[in-house]
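Scroll down for the structure; my scribbles are underneath it.
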Amino acid sequence: MELELNEEQGLLQSGLRQLLEGACELRRVRRHSYDGDGRDPELWKELAEGGWTASGVPETLDGGGLGFEEAAIVALESGRSLLHQPLIETLLAARALQRAGCKAPLSEIAHDGASATLAVLELSRDFAPDPELPRARSTQAGWELSGEHFGVPFGPLAQRCLVEAELESGEAGLLWVSTDQTGVGWREVGAMDRTVRRYALTLEAVEVPGECGAGAGDALGELPDEWRVLLAAQTQGACARLLEMTVDYAKKREQFGRPIGANQAVKVRLALAAAAVERMLAAVYHAALKIEQGASDRGRAAAMAKLETASPGAEVATQGIHVHGALGYTWEQDVQLFAKRIKTNEILLGSDADCLERVARTIL
Amino acid sequence: MNLDLSPSEIAFREKFRAWLRENLTDDLKWERVADLSHSGAWEARRGFERRMGADGWLGVAWPREYGGQGATLLEQVIYQEELVRSGAPALTSSVGLELVGPILMEVGSEEQRHRFLTPILLGEEVWYQGFSEPNAGSDLAGLQTRAVLDGDEWVIHGQKVWGGFAEHADWGAVLARTDPDAPKHRGISFMIVPMKAPGITVSYIKEMTGGEHLNEVFFDGVRIPRENVLGPLNQGWRVANRLLGYERGVMTLPFATRYERFWEKLRDFASSNRRRGERLSERPHIRAALARSYVDVQMMRLANLRWLTHYLRGTPPAEETSYMKVYWAQAHQGLGDLALELGGGAALGLPGELETLAAGAFSNEWAFSRSTTILGGTQDIQRNIIAERILGLPRA
């Protein structure tokens, strides 16, 4: 019985944390995401050189061969650092491509350091009332892909996009497209969390070579659950960092001649936030384990992890802003950056009501 | 990561499970007997525990040299969970087994160990825990019960409250002030008091459930031998305190087992009952409430398993146990609220009242769960501990 990282996983975590503390400090996140165009190729290069961007590709295909527990660790750290690059999306794409047996795209991730994002129906549904899957028509060379997706994170800021589509056979398919190829159009939509920009995707007769796609309904089937868990992990990491910042502030900021953190009203807020953050971690580990094992109750575990981090995460963020006082409400203060990521993660891929029903379906 | 038990842990569980199947009779199960506190069930409970003791199923955590099984922490958790799962009532021997026994082993004199340990282990003697007082609850160190030396005897005056089994207990583990001039944490001693001694009066407190399990105990010039102090004189606070953390610790896991069973009852009720023409389990807000409650209980378990992992790795959580108390109360009170929402008007009668759904089990759980934010260190104290000792916020 072990519900905690093992020694090796602990080292993996501290390695990535160290890298991100150096290469992805909040000033850099602001500079690229808020003041710049969202691109940060130097950081991606550093992540690729560290082996992180290909960590989800099997070792036999020259990737890191990391499992899902490790993917959760990457997501925890991406939240803690507020990473503004499509790292967890690239990890998830690699896992789905592997299940679908699509080797050519995996090679691009492993050898070319390609970054990837994901365009799937489950996420489109969070952005559009009644989205339909794009259609992929068979051609001599492969497929011709047309249709739309919504809410795609990073969009053209990633190099590739894994697109969920419907094949002529009626099967679900996964198709790998370049984000700048002919027929691929991106329209940026508003996203308060500028560290993960959002895009509507239009595909007009986009040509996809045969080796870059697969009819793989089952391969996709796992992806939304996995994404939910990684969003949950990311939120946990973001909440943990936000709480640390807030506790530090409560110790330093003085009013009436003493630190505001000496007041019991403030202590209660922070103690409850800490209890929530601790619980989130157990939920994330549990779900990561269930997915790694391919357990039959993994979908429920994923919904539980999402649920544990969704509105509790948003509440932690709200407390963090509150304890910072008026400063917390300003654009300059960093807690708001975390709050926006946390709130976004709460809403997407199943907020409370949706995840409660997901749990309910398995137990009632 | 894994959530699996090892083969030897499974063997341990199966062995105890089989023993319980053989020895626990229906008349003792907590789900069937609404109120186990009174003497009717008392003799049967004691008989059951003596059988446990005779077969080596009491004090499994105790080291082998003291007659225990030297069970690992995980085995102790398994043991407690099996007890709950079987429907066995709470052990009347638990104060002796979990509080007094370990303290005797650590700081008791040779004579004290010889006299007290075996009867605890055999389920022959019951201990009462006399810690809290009317004016010393969360601030336990502020206790006022006094013991004054008179020749070779201590003379005890004072009042204790919230302990159980006082009427039936053979011995009391009583904290008393032995140095009124010392700072409050340093003038307290841990006394061993024969509960049948002259000057002790026991009464029951009726709880909001209507049940009577908790006692008030009055000490009016009770005389005990000078040597009946456990551990060093005036060090009673330290002696007693190492056990309070334990109470809040991973041993809340068996509560999760109990809540899981109660949750299953609620689920079954919702699946088989209708209100306003609709099956309860088909109403969206009921489905959401059942799922929420399920998640709270599971999360109480999972968060505990994470701390348990830390214990097993030899890096035991310290103040982190306060988190567990927070989750525990949230899970239990949520269940109590849900029970009444599901049961509706027909469930509002308490056990023993006129016609009432499930013999009052739903209302009883709601009322009983109101105690969970209070007992074992209030929710407020836990939050202070988290804020000050974990987060490092300054004391006021």
Side-chain angles (χ1 to χ4, degrees), chain A residues 1-7 9 69 72 243-244 246-248 250-251 258-264 266-283 285-290 292-293 295 300-301 303-305 307-308 352-353 355-364, chain B residues 1-6 9 74 77-78 263-264 267 270-271 280-282 284-292 294-296 298-310 312-313 315 320 322-327 330 379-380 382-388 390-396:
Chain A
M1 208 293 304
E2 290 235 308
L3 193 63
E4 186 53 271
L5 305 183
N6 62 31
E7 205 183 330
Q9 290 170 331
E69 289 177 15
L243 181 64
E244 285 167 21
T246 307
V247 168
D248 280 349
K251 288 176 186 172
R258 63 178 189 183
I260 59 169
N263 296 303
Q264 205 164 39
V266 175
K267 282 180 182 166
V268 168
R269 288 177 188 275
L270 295 175
L272 290 179
V277 173
E278 287 296 323
R279 227 172 92 148
M280 288 176 197
L281 195 54
Y285 287 167
H286 173 247
L289 167 66
K290 291 288 182 181
E292 178 65 41
Q293 290 178 330
R300 178 169 70 219
M304 276 171 58
L307 200 55
E308 277 294 304
D352 282 23
C355 286
L356 281 171
E357 180 52 28
R358 279 174 191 282
V359 172
R361 273 200 299 258
T362 67
I363 56 177
L364 296 181
Chain B
M1 291 187 239
N2 75 82
L3 295 175
D4 307 324
L5 298 178
S6 72
E9 286 154 358
L74 191 47
V77 169
I78 293 167
W263 183 89
E264 285 162 12
R267 176 201 57 198
S271 309
L280 284 167
S281 60
E282 282 161 13
H285 88 276
I286 296 281
R287 293 174 69 78
L290 274 163
R292 172 71 69 190
Y294 173 88
V295 171
D296 277 341
Q298 291 309 312
M299 285 314 305
M300 174 185 168
R301 171 181 294 288
L302 291 168
N304 271 297
L305 289 178
R306 196 174 143 241
W307 303 126
L308 180 58
T309 306
H310 297 178
L312 296 174
R313 288 183 180 178
T315 49
E320 280 82 352
S322 290
Y323 288 129
M324 302 181 200
K325 183 64 205 309
V326 173
Y327 310 145
Q330 183 179 338
Q379 217 61 347
D380 312 278
Q382 307 304 340
R383 291 168 188 183
N384 275 342
I385 291 172
I386 294 169
E388 289 171 6
I390 300 177
L391 302 180
L393 291 167
R395 288 169 174 269

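Scope of the values below: all heavy atoms of this structure, side chains included, with no hydrogens, waters or symmetry mates. For clarity, every value in this text was computed on a predicted model and none was experimentally measured. Each chain gets a letter, A, B and so on, in the order the sequences are listed, and its residues count up from 1.
- Ranked by non-hydrogen atom pairs under 4.5 Å with chain B, the options A:Leu272, A:Asn6, A:Val266, A:Asp352 are led by A:Leu272.
- For chain A, the option among B:Asp380, B:Asn384, B:Leu74, B:Ile390 with the highest count of heavy-atom pairs below 4.5 Å is B:Asn384.
- In plain terms, the two heavy atoms of A:Ala274 and B:Ile386 that are nearest each other are CB-CG2, 4.1 Å.
- Taking each heavy atom of B:Ala288 and A:Leu356 in turn, the nearest pair found is O-CD2, 3.7 Å.
- Taking A:Glu357 as the reference, B:Arg287 meet the side chain to side chain donor-acceptor pair (under 3.5 Å) condition, with sequence neighbours excluded.
- In this structure, chain B has a heavy atom under 4.5 Å from the side chain of A:Glu308, while its backbone stays farther away.
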Check your understanding: When you look at B:Arg292 and A:Leu307, which way does the side chain to side chain contact (heavy atoms under 4.5 Å, CB included) test go after all the steps?
Key -> CA-CA 9 Å; B:Arg292 172 71 69 190; A:Leu307 200 55; 4.1 Å; yes

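- Using a 4.5 Å cut-off between heavy atoms, A:Ile363 touches chain B through backbone and side chain atoms alike.
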Practice item. Evaluate the criterion side chain to side chain contact (heavy atoms under 4.5 Å, CB included) for residue pair B:Leu305 and A:His286; output intermediate values, then yes/no. Key: CA-CA 10 Å; B:Leu305 289 178; A:His286 173 247; over 6 Å; no

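- Annotation: maximal heavy-atom pairing with chain B below 4.5 Å, among A:Val268, A:Leu281, A:Asn263, occurs at A:Leu281.
- Each of B:Met1, B:Arg313, B:Gln298 has some count of heavy-atom pairs under 4.5 Å with chain A, and the biggest count is that of B:Met1.
- For the set B:His310, B:Met299, B:Met300, B:Glu9, the entry with the most heavy-atom pairs within less than 4.5 Å of chain A is B:Met299.
- Between chain B and the options A:Val359, A:Leu364, A:Leu5, A:Leu3, the largest number of non-hydrogen pairs under 4.5 Å is found for A:Leu3.
- Neither the backbone nor the side chain of B:Glu282 has a heavy atom closer than 4.5 Å to any heavy atom of chain A.
- Within 6.0 Å of CD in B:Glu264 there are more than 12 heavy atoms belonging to other residues, nucleotides or ligands.
- Distance alone, capped at 3.5 Å, is enough to place a donor-acceptor pair between the A:Lys267 side chain and the B:Pro394 backbone.
- Taking A:Arg361, A:Arg358, A:Glu2 one by one and counting their heavy-atom pairs under 4.5 Å with chain B, the maximum is reached by A:Glu2.
- Highest contact tally toward chain A, considering only B:Asp4, B:Leu312, B:Val326, is held by B:Asp4 [criterion: heavy-atom pairs under 4.5 Å].
- Residue contact with chain B, scored on non-hydrogen atoms closer than 4.5 Å, is absent for A:Glu292.
- For B:Gln330, the side chain to side chain contact (heavy atoms under 4.5 Å, CB included) partners two or more places apart in sequence, or in a different chain, are A:Arg279, B:Asp296.
- Of the listed residues (B:Leu3, B:Val295, B:Leu290, B:Thr309), the greatest number of heavy-atom pairs within a distance under 4.5 Å of chain A belongs to B:Thr309.
- For A:Arg300, the part sitting under 4.5 Å from any heavy atom of chain B is the side chain, from C-beta outward, and nothing else.
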